[in-house]
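Report on the following structure.
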Amino acid sequence: MTASPTLVWFRLDLRVSDNPALHAAAERGAPVVALFLLDDAEAGAWGFGGAQRWWLHGSLASLAGSLGERGVELVLRRGRAAEILPALAGEIGAGAVYWNRCYEPWRIARDRRLKQALAETGVEVESFNAALLHEPWAVQTLQGGSYGVFTPFWRALQQRAVAAPSPAPSAMTGLRGVESEVLADWGLLPAKPDWAGGLRRTWTPGEKAAEGRLGAFLQQAVEGYAEERDRPGLDSTSRLSPHLHFGEIGPRQVWAATRRFLERQGSAPGKAGKSAWKFLAELAWREFSYHLLFHHPALPEQPWRPQFAAFPWSDDEAAFAAWCHGRTGYPVVDAGMRQLWATGWLHNRVRMIVASFLVKDLLIPWQRGEAWFWDTLVDADLASNAASWQWVSGCGADAAPYFRIFNPVLQGEKFDPGGDYVRRWLPELAALPDSHLHRPWEAPAELLRRSGIVLGRDYPLPLVDHRRARERALAAFEEIRKEAAT
DNA sequence: AGCCGTTTCGG
DNA sequence: CGAAACGGC
């Protein structure tokens, strides 16, 4: 008989299905105590951002409900893991402590020490994989090294079998009377100015909502994904990113459901099959980011290509503020930054456009953009955020070459041809016809007047001239290229 | 997962 | 003549 309770420590795995730590606890048979520890005080610069705190509140409420249905209370505590976990384990007389692994460098270091400390007290400690298709160390080159290029990584990933998701435990035995803090006391929701209205209208945190999103995506949108995923005015992406980030759904579940979709397509998958594989490749980009972060822990702070340390960045605070608040004068950039502010999320195509604009048109360090995204995105993920900013900036692994500079006008006209996206987020430009919507400064005075727009009053003039900014960026890049060669 | 200036192709 | 292909950034 193993009567001594099992402590399950929830982190970025806020779900009951396909949760190996919870599953193992249920199998063990002893009473289960579920803990969520608000540990962001020890996260340094990478504690939960504002938008993520809003999400976390909803996700914890949802998890508490799902666990409650199964007879287990979610215990909430705050503080340092190295103190809280041993104390709680002692308090309940735990015989085992289980958790699912996280891969942020600060969590890896902390959890490794904690695991050892707990084991020394005689408790069984075990960690599991809930967050990735494969552990970052398990995908290896033929020489046993790590990958720096996506395509061979993706090929290697496809060679490996993905573990089947495990079902949610049906009923468990809980343990009554364990002291818990109250979620509402954590102040995760905004108080004075309530800026979360757009988030509430856009999102429903929690495991059930995540399953619903995946189901709806596979039923309606995945078929056209390959062709429509780049159109920010359409609702053609899965929008699973925040759910995946908080572990309300796991990549194995997404993988399995998409493979079932592919099987239903039969022998002639065609367009739908191509789209579904494209979607799986996006999941693989997420894996690739974790792989990079694991093997290069400085990824969130330092350029992966060291020669970029000498890049002549600008410290134009006014330009940075204009970018943050969507006042650059380039409609697709500004629409994106306002979507981000209002909803905590940004369409992937527009992420690339606004990031390219910050780094190449304004020459502002990618770390500034990374930090802004960290605070405003509900899906801010250390691995994906860092890897993607470095990708756009040209200093990352398998990055777009630096000289690949997005033209915000052409990108807007190509991917938002009907102007739906820009008009939704910049209503002040809504009356402009498509012909000038993405370049209002070129509109004839008469057209602006008819559209009721005074540039510089209702909408900014361009912060920089893209053509000149592009030349400036190429010249700056030339400087570090020269330096690297000598 | 670009852009742009230039050259070549084809009706 | 515009479209497509190409090569440098």
Side-chain angles (χ1 to χ4, degrees), chain A residues 147-155 157 224-234 236-238 241 274-289 291-292 304-305 307-308 311-312 330 332-333 336 345-363 366 369-370 373 379 381 383-417 421 438-439 442 462 464-485:
Chain A
Y147 286 93
V149 180
F150 175 74
T151 305
F153 174 85
W154 176 216
R155 266 199 296 270
L157 195 147
Y225 183 74
E227 284 162 19
E228 294 177 2
R229 58 188 290 270
D230 272 322
R231 298 278 305 273
L234 307 175
S236 51
T237 67
S238 76
S241 53
K274 186 176 162 244
S275 278
W277 274 107
K278 191 89 192 152
F279 177 59
L280 290 178
E282 294 306 312
L283 212 54
W285 272 101
R286 176 178 177 276
E287 296 273 316
F288 184 54
S289 300
H291 183 82
L292 289 173
W304 190 79
R305 294 175 199 273
Q307 62 267 36
F308 271 80
F311 194 90
Y330 285 91
V332 75
V333 174
W345 186 84
L346 187 49
H347 186 280
N348 184 60
R349 166 59 51 180
V350 187
R351 291 188 198 207
M352 294 191 275
I353 298 170
V354 302
S356 177
F357 191 83
L358 182 76
V359 170
K360 298 181 181 177
D361 285 61
L362 302 181
L363 294 182
W366 57 270
E370 181 192 27
F373 272 24
D379 65 26
D381 187 279
S384 298
N385 197 36
S388 303
W389 272 98
Q390 293 222 33
W391 181 88
V392 172
S393 305
C395 60
D398 198 16
Y402 185 84
F403 50 76
R404 239 187 235 176
I405 296 168
F406 287 68
N407 178 325
V409 175
L410 296 182
Q411 287 281 313
E413 289 174 344
K414 183 168 179 193
F415 296 110
D416 186 33
Y421 182 73
H438 291 286
R439 44 177 113 211
E442 288 179 13
V464 292
D465 173 61
H466 173 70
R467 196 188 162 88
R468 291 229 300 273
R470 177 175 180 274
E471 280 162 18
R472 186 174 64 149
L474 289 172
F477 178 61
E478 189 60 23
E479 274 186 45
I480 63 163
R481 210 185 57 80
K482 267 203 322 264
E483 226 164 291

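Keep in mind it's a predicted model, so treat the numbers as computed, not measured. Letters A, B, ... are given to chains in the order of the sequence lines, protein chains preceding strands, and every chain is numbered from 1.
A:Lys360 places its NZ atom 11 Å from the C1' atom of C:dC9, with the value rounded to the nearest Å. Whole-Å rounding puts the A:Arg470 CZ to C:dG8 C1' distance at 10 Å.
Protein chain A contacts DNA chain B over a range whose 5' and 3' limits, counting nucleotides with an atom under 4.0 angstrom from a non-hydrogen atom, are B:dA1 to B:dG5.
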Cut-off 3.5 Å, no hydrogens considered: what does the side-chain donor-acceptor table look like for residues 404-412 of chain A, sequence neighbours left out?
residue: A:Asn407; atom: OD1; partner: A:Val409; partner atom: N; Å: 2.9
residue: A:Asn407; atom: OD1; partner: A:Leu410; partner atom: N; Å: 3.2
residue: A:Gln411; atom: OE1; partner: A:Arg349; partner atom: NH1; Å: 2.9

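A:Arg481 comes within 4.0 angstrom of no nucleic acid atom, judged by non-hydrogen atoms across all strands. Contacts of A:Glu478 with the nucleic acid, taken as non-hydrogen atoms under 4.0 Å apart, are absent. A:Glu471 comes within 4.0 angstrom of no nucleic acid atom, judged by non-hydrogen atoms across all strands.
In plain terms, the two heavy atoms of A:Phe311 and A:Ala476 that are nearest each other are CZ-CB, 3.7 Å.
Although no hydrogens or angles enter the test, the distance criterion places a donor-acceptor pair under 3.5 Å between the side chain of A:Gln390 and the main chain of A:Trp304.
A salt bridge links A:Glu478 to A:Arg481: at least one charged side-chain nitrogen sits closer than 4.0 Å to a carboxylate oxygen.
Note on ring orientation: taking the six-membered ring where Trp is involved, the planes of A:His291 and A:Phe288 are parallel (angle under 30°, cut-offs 30° and 60°).
With sequence neighbours excluded, no residue satisfies side-chain hydrogen bond (donor to acceptor under 3.5 Å, both in side chains) with A:Tyr402.
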